[in-house]
**Q** 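Got a structure here, written out as structure tokens. Questions coming.
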Amino acid sequence: LKVVEYKGNKIYFRNIGNIFEYIAVVKGEVYTMHIVVIKSLVSRLMGRDYTEKQLSDAVKYLATAAETTVDFVLENKMKT
């Protein structure tokens with residue numbers, strides 16, 4: 001589990017099996033998204049974990065999605 005703060009809001013990143021997820025708490029509301037990451041064929045055959053590139057790409061993708069969610073919610077909260 002990794003916790004970061006973005007624009008004053010907590011974002012939690014976690015990995016359970018092949019599911020990578022973010023949970024963002026924005027203004028007291030919870031937003032979440034997950035992706036499924038499949039290990040490379042070589043990694044699966046050799047019983048290895050994810051490659052560094054796979055982990056890096058998954059984290060970057062989720063971080064971008066989480067930040068976009070926070071930005072969208074904050075912009076819409078300001079309008080109301």
**Q** Let me check something: do Val25 and Leu1 share a hydrophobic cluster, defined by ILVMFWY side-chain heavy atoms less than 4.5 Å apart, either directly or through other members?
**A**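 Yes.
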**Q** Roughly how far, to the nearest 0.5 Å, is CE of Met46 from OG of Ser40?
**A** 10.0 Å
**Q** Measuring only between side-chain heavy atoms, which start at C-beta, is Arg44 closer than 4.5 Å to Ile38?
**A**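 When only atoms from C-beta onward are counted, Ile38 and Arg44 do touch, with a gap below 4.5 Å.
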**Q** Between Asp71 and Thr69, is there a donor-acceptor pair closer than 3.5 Å when you use the side chain of the first and the backbone of the second?
**A**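 Such a contact is absent between Asp71 side chain and Thr69 backbone.
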**Q** Nearest 0.5 Å please: distance from the OG1 atom of Thr51 over to the CD atom of Gln54.
**A** 3.5 Å
**Q** Going by heavy atoms in the side chains, are Val30 and Ile23 under 4.5 Å from each other?
**A**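 In short, these two side chains touch, coming nearer than 4.5 Å.
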**Q** With a cut-off of 6.0 Å (strictly less than), are more than 12 heavy atoms of other residues, nucleotides or ligands near CD of Glu52?
**A**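 Open.
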**Q** When rounded to the nearest 0.5 angstrom, what distance separates NE2 in His34 from CG in Asn15?
**A**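 That separation rounds to 12.5 Å.
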**Q** Walk me through whether Lys39 and Asn18 qualify under side chain to side chain contact (heavy atoms under 4.5 Å, CB included).
**A** CA-CA 8 Å; Lys39 293 179 185 176; Asn18 63 347; over 6 Å; no
**Q** So which residues get pulled into Val70's cluster when ILVMFWY side chains under 4.5 Å apart are joined, directly or through others?
**A** Val4, Tyr6, Ile11, Phe13, Phe20, Tyr22, Val26, Tyr31, Met33, Ile35, Val37, Tyr50, Leu55, Tyr61, Leu62, Val73, Leu74
**Q** Are any non-hydrogen side-chain atoms of Asp49 and Ser43 less than 4.5 angstrom apart?
**A**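 The answer is no; the side chains never approach within 4.5 Å.
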**Q** Can you sort out the partners of Ser56 under side chain to side chain donor-acceptor pair (under 3.5 Å), two or more places apart, ordered by chain and number?
**A**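 Applying side chain to side chain donor-acceptor pair (under 3.5 Å) to Ser56 gives none.
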**Q** Who else is in the cluster with Phe72 when I, L, V, M, F, W and Y are joined by side-chain contacts under 4.5 Å?
**A** none
